[in-house]
Amino acid sequence: MSSTKTIPRPENRWRHDPGQPLLAIDEPPPYAVVNPDGASPYLLLCEHASNRIPRALGDLGLPEAERRRHIAWDIGVSALSQHLSRALDAPLFMTNYSRLVIDCNRPLAAPSAIPQTSETTDIPGNLDLTEAEKQQRIDTLFTPFADAVARRLDRLQADGKRPLVVGIHSFTPVYFGKQRPWHAGILHGEATGFGRTLVRELQNEASLTIGDNEPYNIHPDEDYTVPVHADARGLPGALIEVRHDLIDTLSGVGEWGDRLTRCLVAALKEFG
Ligand SMILES: [Zn+2]
């Protein structure tokens, strides 16, 4: 079954023989479901919750300081999305591995699905991967998460329900050396009404600068959650992006968790 021939550069400890399992038995599964029976119509996703790298891939050739940076995960969103799951009584699907291994919010054809560079950092463990190495990351980490979310949505829609799909993200205050002006942003695709309602609700909250399709916008070539899980199904869907220095403490998570809960509850009056 396994073949040492498939290790292209055995001298690099972050290379892994794809004939061997990517995850060991004592490592976390690819994703976790929090509050699976939550009654809210919201289905929360957290695709960038963790900076964990499977042990088989070592450190991907990155020093610890890089692995703790926003390039590896969305800082603060694991705690924030769990706060929202609790406050809204909403199911939450969250990944357990770093987007540097494979990004669960990217179409598989996107070069950034397994990034060779993130911002200005080269990812040595992602260079010159064989098709078998890429496929193993897809099969082990990407597909189980995508399929679990799709199965849940299939079941809810078969029961005549209309779930609202919301991904919880954070962004770095400074990107490529440029300071960003927003406190938070709402990214939406086809569900512009739902997206703009969330923007409006957030703007009503306090004197905040809220991005409408900023600091990013949704594109089917670069995004997975909104185009596939929401737009293709005709469901309301959006990503919430919070500047990560606002949610890197428990008090920040509490403040933004309560604020976003109020906005999401208010949007249900129109879209629930
Ligand atoms: Zn993100």
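These figures come from a predicted structure and were not determined experimentally. Counting begins at 1 with the first residue of the sequence.
- Side-chain contact between V165 and L45 is present, with at least one heavy-atom pair separated by less than 4.5 Å.
- In the model, N96 has no side-chain atom that pairs as donor or acceptor with a side-chain atom of S50 under 3.5 Å.
- R15 has a carboxylate O that lies under 4.0 Å from a charged side-chain N of E133, or vice versa, which qualifies the two as a salt bridge.
- Between V149 and V228, the closest side-chain pair of non-hydrogen atoms is not below 4.5 Å.
- Checked for salt-bridge contact, D154 and R233 meet the test: a charged N lies under 4.0 Å from a carboxylate O.
- At least one side-chain heavy atom of F176 sits under 4.5 Å from a side-chain heavy atom of E119.
- When side chains are defined from C-beta on, Q82 does not count as touching N35, because their heavy atoms never get closer than 4.5 Å.
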Query - Steps toward ring pair (Phe, Tyr, Trp, His ring centres under 6.0 Å) verdict (Y216, F171) - result: CA-CA 10 Å; Y216 312 104; F171 62 91; 7.1 Å; no

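- Considering only heavy atoms from C-beta on, L239 comes within 4.5 Å of E47 through its side chain.
- Here K269 does not pair with E201 in a salt bridge; the nearest charged N to carboxylate O distance is not below 4.0 Å.
- Salt-bridge annotation for R67 and E64: absent, with no side-chain N of the basic residue lying under 4.0 Å from a carboxylate O of the acidic one.
- Between Q157 and P163 the shortest side-chain heavy-atom distance falls below 4.5 Å.
- A side-chain contact (heavy atoms from CB on, under 4.5 Å) with C46 is found for one member of L84, V77, T95, N105 and no other, namely V77.
- Using a 30° and 60° split on the angle between ring planes, H70 and H244 fall in the tilted class, from 30° to 60°.
- W73 is not connected to L187 by any chain of hydrophobic side-chain contacts under 4.5 Å among Ile, Leu, Val, Met, Phe, Trp and Tyr, and they are in different clusters.
- A heavy-atom distance below 4.5 Å is not found between the side chains of I210 and E205.
- A ring-ring contact (aromatic ring centres under 6.0 Å, His included) with Y224 holds for exactly one of H219, H229, H48; it is H229.
- Taking the charged nitrogens against the carboxylate oxygens, R52 and E27 have no contact shorter than 4.0 Å, which rules out a salt bridge.
- The side-chain heavy atoms of L23 and L141, taken from C-beta on, include a pair separated by under 4.5 Å.
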